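Nothing here was measured: the structure is a model prediction, and the numbers come from that model. Any value given below was found using the heavy atoms of this structure, including those in side chains, with hydrogens, waters and symmetry copies removed.
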Amino acid sequence: WDLVPRPNEVKPISCKWVYKVKTRSDGSIERYKARLVARGFSQQYGLDYEETFSPVAKITTVRVLLALAACKSWKLWQMDVKNAFLHGELDKDIYMEQPRGFESKIHPDYVCKLKKALYGLKQAPRAWYGKIGEFLVQSGFKVAPSDSSLFVKAKEGRLAIVLVYVDDLIITGDYSEEIQRTRENLSVRFQMKELGELKHFLGLEVERTKEGLFLGQQKYAKDLLQRYGMLDCKPISTPMDPNVRLQEDEGNDLEDMTMYRQLVGSLIYLTLTRPDISYPVGVVSRYMSKPKKPHLDAVKRILRYVKGTINFGIMYKKTIDCQVMGYCDADYAGDSCTRRSTTGYFFSLGSGAISWCSKRQPTVALSSTEAEYRSAAMAAQESTWLKQLMEDLHQSAEYQVRIFCDNLSSIRLAENPVFHARTKHIEVHYHYIREKVLEGKIEMVPTKTEEQIADILTKGLHKAKFE
């Protein structure tokens, strides 16, 4: 910044020091860190900031990249940008008070006119994304249309891929000279921290084994249990009792609602590598506004299940067959309060899960066929995006994506080009699946209910079925 006299009619934003003790993975102290942050909450829209949205990589894209790297034995590198936001350029004049302890003795009443972005400013993430995006595009990378945080460079069938998540970068591919050059160029242009091969990313642990890559959150799960005093609880084999129907207004109020919300929020983050708890966590998160005693009991049951399966995660094996395939299912009128159905779908690439969803449908379905047809339509939308992502990563996507469904009527409905009286009431956008089947992009494959993997995402199951 420059120190300038305070302009009239301008209220400078304040700033503060933030102190943090950085620890290593074993808990020992690495360094003490102080950072000056601007208090951007006092900025006014239109006056000193415009656009604040900054794209970050979708977690599905991260999983697809890991699955591809496992399939093709690519190395994964991780880099971290030191003080990333300080590289961003500002397009507005912003004035800030002088930092405490560093006031100018000559001009104590002057203010700082910022030249570059600071942490805490509304537009800081946006400005940083613009900076790194511009640098990678100048280096010959192209932004993938399916995910704007994914940058791909292809030459003679070889690939270099950079995935940006704010200040964390994952670099992979088989074009090793370009990868090396990109890493060197990044270190010259920005101050980078070389973290070597990918081990930790956003709290996810990536472990290389002989078979491939293992993605898990063991440390996170252990810390979660410890924080809520459940580390010594008795484990249980399923995360939800299939006979319990939670109601909105049954049971006593909780004394500490905040604890419930924090707990459920922490569990939502655990579902990034644990599709097996997606459905129960989705159910308990519906009662965040007014949680009751039975809801907390349901959450504690999920924690008991996590205790017994703390080492679970997703294994991406090294395979030749690296194709997207999926399962879709619905539980008709499963929600006892609203009588809406629950959609569940699940996609894998090679051997491991890359995308899944467990979601209550927005309106009531009038038949089990309609509920299943809607879930197939949602799965079709996801598969179209996954195929686009694979094309952006220069992988062959010239095949029909197979989606397994255990409801023959909805398969017939998807394959039948004629609308009949019974489908008049189904919203137009749910017929997306029919279009894709007729175009030959998706193949609906019947499967037995016993082999329907997506069943786990639609309702609570008994132990044998769950396993």
Side-chain angles (χ1 to χ4, degrees), residues 25 59-60 62-63 66-67 70 199-209 211-244 246 260 262-285 295-317 327 329 331 342 344-359 450-467:
S25 53
I59 199 72
T60 306
V62 176
R63 288 192 290 248
L66 294 179
K199 296 237 173 13
H200 292 270
F201 188 72
L202 312 176
L204 312 181
E205 295 160 38
V206 182
E207 194 185 327
R208 268 216 184 268
T209 61
E211 293 180 340
L213 281 175
F214 181 75
L215 181 67
Q217 289 170 286
Q218 289 91 319
K219 185 178 183 297
Y220 180 81
K222 205 170 266 178
D223 292 348
L224 176 64
L225 291 168
Q226 196 162 0
R227 196 177 335 138
Y228 295 103
M230 299 281 285
L231 202 53
D232 302 323
C233 66
K234 194 176 168 199
I236 198 162
S237 55
T238 59
M240 194 171 196
D241 184 347
N243 303 317
V244 165
L246 292 176
Y260 179 88
Q262 287 172 340
L263 234 174
V264 175
S266 306
L267 281 169
I268 289 173
Y269 193 70
L270 191 59
T271 61
L272 295 187
T273 58
R274 299 286 301 267
D276 51 339
I277 60 169
S278 278
Y279 172 72
V281 170
V283 171
V284 293
S285 64
H295 307 150
L296 184 62
D297 295 341
V299 173
K300 284 186 173 165
R301 183 179 170 118
I302 299 172
L303 288 174
R304 284 177 60 195
Y305 169 74
V306 169
K307 168 71 167 51
T309 57
I310 215 155
N311 295 324
F312 278 27
I314 304 171
M315 184 76 202
Y316 297 115
K317 291 180 185 163
Y327 289 83
D329 194 23
D331 177 33
T342 307
Y345 66 71
F346 166 97
F347 282 95
S348 61
L349 177 64
S351 66
I354 50 168
S355 173
W356 55 86
C357 168
S358 170
K359 193 176 180 185
E450 297 79 60
E451 289 161 18
Q452 175 56 278
I453 297 177
D455 211 19
I456 204 167
L457 297 166
T458 62
K459 51 185 168 290
L461 299 173
H462 292 286
K463 185 182 169 189
K465 181 102 191 264
F466 184 81
E467 281 173 0

Kindly indicate, with the supporting measurements, whether the criterion side-chain contact (heavy atoms from CB on, under 4.5 Å) is fulfilled by K307 and M230.
CA-CA 8 Å; K307 168 71 167 51; M230 299 281 285; over 6 Å; no

Do [X] and [Y] make a side-chain contact, defined as non-hydrogen atoms from C-beta onward lying under 4.5 Å apart?
X: T458; Y: Y279; value: no
X: P242; Y: L461; value: no
X: V306; Y: L224; value: no
X: V206; Y: K199; value: no
X: T342; Y: D329; value: no

Salt-bridge test for D223 and R227: reply yes if a basic N is under 4.0 Å from a carboxylate O, no otherwise.
no

Any chance the side chains of Y327 and D455 put a donor and an acceptor closer than 3.5 Å?
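Judged by distance alone, the side chains do not pair up.
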
Is the side chain of [X] donor-acceptor paired with the backbone N or O of [Y] at a distance under 3.5 Å, no angle test?
X: R304; Y: I236; value: no
X: E205; Y: K219; value: yes
X: Y228; Y: L303; value: no
X: T209; Y: G212; value: yes
X: S358; Y: L457; value: yes
X: S355; Y: F347; value: no

Distance from [X] atom [atom1] to [Y] atom [atom2], nearest 0.5 Å?
X: F201; Y: L204; atom1: CZ; atom2: CG; answer: 8.0 Å
X: L349; Y: I354; atom1: CG; atom2: CD1; answer: 4.5 Å
X: R63; Y: L215; atom1: CZ; atom2: CG; answer: 8.0 Å
X: I59; Y: T271; atom1: CD1; atom2: OG1; answer: 9.5 Å
X: E451; Y: I453; atom1: CD; atom2: CD1; answer: 9.0 Å
X: T238; Y: I456; atom1: OG1; atom2: CD1; answer: 10.0 Å

Yes or no on side-chain contact (heavy atoms from CB on, under 4.5 Å) for I310 and L225, after CA distance, side-chain angles and deciding distance?
CA-CA 10 Å; I310 215 155; L225 291 168; 3.6 Å; yes

Work out which heavy atom in [X] is nearest to a heavy atom in [Y]; give both atom names and the distance.
X: H295; Y: V284; value: O-CG1, 4.2 Å
X: Y316; Y: A70; value: O-CB, 3.3 Å
X: G352; Y: I314; value: CA-CG2, 4.1 Å
X: K359; Y: C357; value: CB-SG, 3.8 Å
X: M315; Y: S351; value: O-OG, 3.4 Å

More than 12 heavy atoms from other groups under 6.0 Å of NZ on K222
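12 or below, so no.
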
Evaluate side-chain contact (heavy atoms from CB on, under 4.5 Å) for N243 paired with H462, printing each intermediate quantity in order.
CA-CA 9 Å; N243 303 317; H462 292 286; 4.2 Å; yes

Just do the side-chain contact (heavy atoms from CB on, under 4.5 Å) check on L213 and R208 with the steps written out, would you?
CA-CA 5 Å; L213 281 175; R208 268 216 184 268; 3.5 Å; yes

Taking the cut-offs as 6.0 angstrom to the six-membered ring centre and 45 degrees off its axis, would you call R274 and W356 a cation-pi pair?
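No; the conditions do not both hold, so R274 does not lie above the ring face of W356.
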
Before we go on, tell me: are the rings of Y305 and F466 under 6.0 Å apart, centre to centre?
yes

